[in-house]
Novice: 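Dropping a structure here in C-alpha cells format, bear with me for questions.
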Amino acid sequence: MPTYDMSTPETTVPGTPTPDATGHDTTTTYDFDTPVDRRGTWSIQWDGAAERFGADGLLPFTISDMDFRCPPPVLAALQERVAHGVFGYTDWQNEEFRSAVRDWYRDRHDTELDTTRLVYAPSVLSQLSQLLRMWTEPGDAVVVHTPVYDGFRRTVTGLGRELREVPLDDPAALDAALAGPRARVLLLCSPHNPTGRVWTEAELTSFASLAQRYGAAVISDEIHADFVHAGRRHLPWSRFGQGRWALITSGTKAFNFPSLTGSYGILGDAADHAEFVRRMQTGEGLGSPAVLSLTAHIAAYREGAGWLDAVRAYVAGNLALVASTLNSAFPELSWAPPQAGYLAWIDLRALGVEEGALQRELVEGERVAVMPGGVYGAPGFVRLNVGCARGKVGVGVAALVRALGRLT
C-alpha cells in the first residue's frame, strides 16, 4: 500500500468558540491531518478494496465515508450511552430526537420542519425502497438526473421499476421524461451525488412545478445537505414540495457515522406518513431504532456544528489541492471543486483516456483505488474521495496525474 508521512500535523482548523473552566471563550481545534488506521476494522473502503478492484494493498479513495473520527461530542455521548449498559427496545418518536432535528433545520437551514410528519428508517435507501413500494408499481418509471448515484440504480431497478435518466442540465429532457408513460416519481439527489451540484431556488421551483404538472411524486435525498461549501446554500425540499413528496436524509454522512445506521425523513401528506410508519413497524418489523444512532444524531445536531464547520473547511483545502495539482499537470481540464461534499468528480474526457486502461494504471501501476465514472453511468470521469488526511489526498492526486501522464 502506498504510504504518506503525516507524523507532524501541519493543519489545525478552528471550530466554534467554547467556554473554558473560567467561563471565557476559547477556540476549539481539530486534528484532521493525523491518519486513523482503518485497516482490519471491516471497513468497506479499506478492507473491501481488494474485492472490488482485484488487488490487495491498495490505498482507497472510494466509498463515500470519511477517514476522520466522529466529532468529540458524538463520541462522548456514545461512550456515556454504552456505559449505561442496557440496550433494550427504543422509541424514536421522542421529543429529544424530534427537537434536535427541528432545531438543526431551523438554525442551519433557516427552515421550519413539521416533525409530526417525521419518519425513521435504517438508511435513506431503505426509505427510498419503502416509498417506491408505496407510490409505484413494477414497470413504473422513476426519473433521475445522470450521472446517477449507484445506490439509486440498484434500488430502483431491483424493485422492477424503470430508471429513466435525464442529463443534469437539460430541462427539456426532464420535462419529456416526466411527460412520458408511467412516470410516477422524480427522484432528486440534493445536493447531487456524484457531481456535488447544489440546486438553486429557481431549479427546485421548476422541479416542483413539473412534478405537479405531470402528477409525479418527488423524493429528495438530502444526505449531503450539511456539507455545502462556502458561497452556496442548501434549500430543503420541504420548502418546495407540492402534492405527494418526501425529504429523506441522515446525519450519518456529514458527521461520519454511517455504520451506526439510521435515517429520517419528512413526508408531506399525513396519510402517507401514517402508512409509512405502519409499514415499517409491521411489514419491516422496525419499530425500534438503533439506540446508538439516535444518540449520535442528537449529539451531532446539538453539539457538533463547530466540528462540521471545521471539517468542511479542511475538505475545501483538500479539494483546492486536487485542483491545483491536476490543473498544473493538465491545464485543459480546468477542473473546479464541487459545490458540496468531499467527492471530487473529475471530467477526464478532454484527455481521451479509456476508463479500463486508467483503472489498470491506477491499480497495478500506482496501487490506489479510485471509483470509475462508469459506475455512475458516466465513463470518462473518476470520483476521488478526499474526506481524509491531506497527506493521503496528495498521494492520491499525484498517483492520478502519473497514471494519466502514461496514457496521454
Novice: Can you name the nearest heavy-atom pair linking L178 to L210, along with the distance?
Specialist: CD1-CB, 3.8 Å
Novice: Between N94 and D91 (side chain of the first, backbone of the second, donor and acceptor by atom type, cut-off under 3.5 Å), is there such a pair?
Specialist: yes
Novice: Taking atom types as modelled, find out whether R102 and T115 have a side-chain donor-acceptor pair closer than 3.5 angstrom.
Specialist: yes
Novice: Does anything in residues 124-146 form a ring pair (Phe, Tyr, Trp, His ring centres under 6.0 Å)? List the pairs, not counting sequence neighbours.
Specialist: H145-W199, H145-F207
Novice: Could you measure the distance from the CD atom of Q130 to the CZ atom of F276? Nearest 0.5 Å is fine.
Specialist: 5.5 Å
Novice: So, the side chain of E366 versus the backbone of R402: is there a donor-acceptor pair under 3.5 Å, distance only?
Specialist: no
Novice: Take T34 and R69 through the side chain to side chain donor-acceptor pair (under 3.5 Å) test and state the conclusion after the steps.
Specialist: CA-CA 11 Å; T34 303; R69 287 189 175 93; over 6 Å; no
Novice: What closest approach, in Å, do L125 and G151 show between heavy atoms, and which atom pair accounts for it?
Specialist: CD2-O, 3.9 Å
Novice: In a check of side chain to side chain contact (heavy atoms under 4.5 Å, CB included) between H273 and each of V119, I266, T116, which one passes?
Specialist: V119
Novice: Is there a side-chain contact between I219 and W237, using heavy atoms and a 4.5 Å cut-off?
Specialist: no
Novice: If I take atom CG from residue D226 and atom CZ from residue R312, how far apart are they, to the nearest 0.5 angstrom?
Specialist: 8.5 Å
Novice: Please determine, by modelled atom types, if R133 and S129 share a side-chain donor-acceptor pair under 3.5 angstrom.
Specialist: yes
Novice: Rounded to the nearest 0.5 Å, how far does CG of D169 lie from CD of E203?
Specialist: 7.0 Å
Novice: Would the distance check show the side chain of Q339 and the main-chain N or O of R197 forming a donor-acceptor pair, the cut-off being under 3.5 Å?
Specialist: no
Novice: Step by step, work out the side chain to side chain donor-acceptor pair (under 3.5 Å) result for Q212 and S209.
Specialist: CA-CA 5 Å; Q212 187 76 353; S209 177; over 6 Å; no
Novice: Could you tell me if Q45 and S43 have a donor-acceptor pair between their side chains, going purely by distance under 3.5 Å?
Specialist: no
Novice: Minimum heavy-atom separation for A403 to E361, with atom names?
Specialist: CB-CB, 3.8 Å
Novice: Are F227 and H234 near enough that their ring centres are under 6.0 Å apart?
Specialist: no
Novice: Can any side-chain N or O of N327 pair as donor or acceptor with the backbone N or O of A323 at less than 3.5 Å?
Specialist: yes
Novice: Could I get the full list of side chain to side chain donor-acceptor pair (under 3.5 Å) partners for D47, not counting sequence neighbours?
Specialist: none
Novice: Determine, using ring centers only, whether W345 and Y376 are less than 6.0 Å apart.
Specialist: yes
Novice: Check for a donor-acceptor pair, side chain of D170 on one end and backbone N or O of P167 on the other, with a separation under 3.5 Å.
Specialist: no
Novice: Specify the closest pair of heavy atoms between N193 and R383, including all atoms of both residues, with the distance to one decimal.
Specialist: OD1-NH1, 3.3 Å
Novice: Just by modelled atom types, is the V142 backbone N or O under 3.5 Å from a matching donor or acceptor in the D140 side chain?
Specialist: no
Novice: Decide salt bridge (charged side-chain N to carboxylate O under 4.0 Å, His left out) for R233 and D110; before the verdict, give the C-alpha distance in whole Å, the side-chain angles of both, and the deciding distance to 0.1 Å.
Specialist: CA-CA 10 Å; R233 182 188 177 199; D110 191 27; 3.7 Å; yes
Novice: With no hydrogens and no angle check, is any side-chain donor or acceptor of S206 less than 3.5 Å from a backbone partner on A202?
Specialist: no
Novice: When you compare the side chains of W46 and D37, does any donor N or O come within less than 3.5 Å of an acceptor on the partner?
Specialist: no
Novice: Both conditions, 6.0 Å and 45 degrees, for the charged tip of R349 above the ring of F381: are they met here?
Specialist: no
Novice: Check whether any side-chain N or O of S123 sits under 3.5 Å from a backbone N or O of S126 as a donor-acceptor pair, and report yes or no.
Specialist: yes
Novice: Less than 3.5 Å apart, any donor N or O on the side chain of H84 or R81 sitting next to an acceptor on the other?
Specialist: yes
Novice: Show me the pairs that pass ring pair (Phe, Tyr, Trp, His ring centres under 6.0 Å) and involve residues 147-185, at least two apart or across chains.
Specialist: Y149-F152
Novice: Is it true that the side chains of S263 and Q127 contain a donor and an acceptor less than 3.5 Å apart?
Specialist: yes
Novice: Below 6.0 angstrom between ring centroids: does that apply to F255 and W104?
Specialist: yes
Novice: Does T136 form a side chain to side chain donor-acceptor pair (under 3.5 Å) with R161? I'd like the steps, not just the answer.
Specialist: CA-CA 8 Å; T136 67; R161 277 63 170 172; 2.7 Å; yes
Novice: Checking the side chain of D56 only, and the main-chain atoms of A50 only, is there a donor and an acceptor separated by less than 3.5 Å?
Specialist: no
Novice: Please report the shortest heavy-atom distance between G396 and F61, naming the atom on each side.
Specialist: CA-CZ, 3.4 Å
Novice: Out of the candidates P194, S64, P338, only one should pair with L343 under the side chain to side chain contact (heavy atoms under 4.5 Å, CB included) rule; please name it.
Specialist: S64
Novice: Report yes or no: do R239 and T111 form a side-chain donor-acceptor pair below 3.5 Å?
Specialist: yes
Novice: If you take the centroid of each ring, where Trp contributes its six-membered ring, are F32 and F68 closer together than 6.0 Å?
Specialist: yes
Novice: Pairing donors with acceptors under 3.5 angstrom, does anything connect the side chains of T146 and E165?
Specialist: yes
Novice: So, S293 versus Y120: side-chain donor-acceptor pair below 3.5 Å or not?
Specialist: yes
Novice: Check whether any side-chain N or O of K392 sits under 3.5 Å from a backbone N or O of D67 as a donor-acceptor pair, and report yes or no.
Specialist: no
Novice: Kindly determine whether D103 and R98 satisfy salt bridge (charged side-chain N to carboxylate O under 4.0 Å, His left out), including the steps that lead there.
Specialist: CA-CA 9 Å; D103 293 349; R98 288 179 183 275; over 6 Å; no
Novice: So, for R390 and G317, which heavy atoms are closest and what is the spacing to 0.1 Å?
Specialist: NH2-CA, 3.5 Å
Novice: Flag the pair R153 and D150 as a salt bridge only when some basic side-chain nitrogen lies within less than 4.0 angstrom of an acidic carboxylate oxygen.
Specialist: no
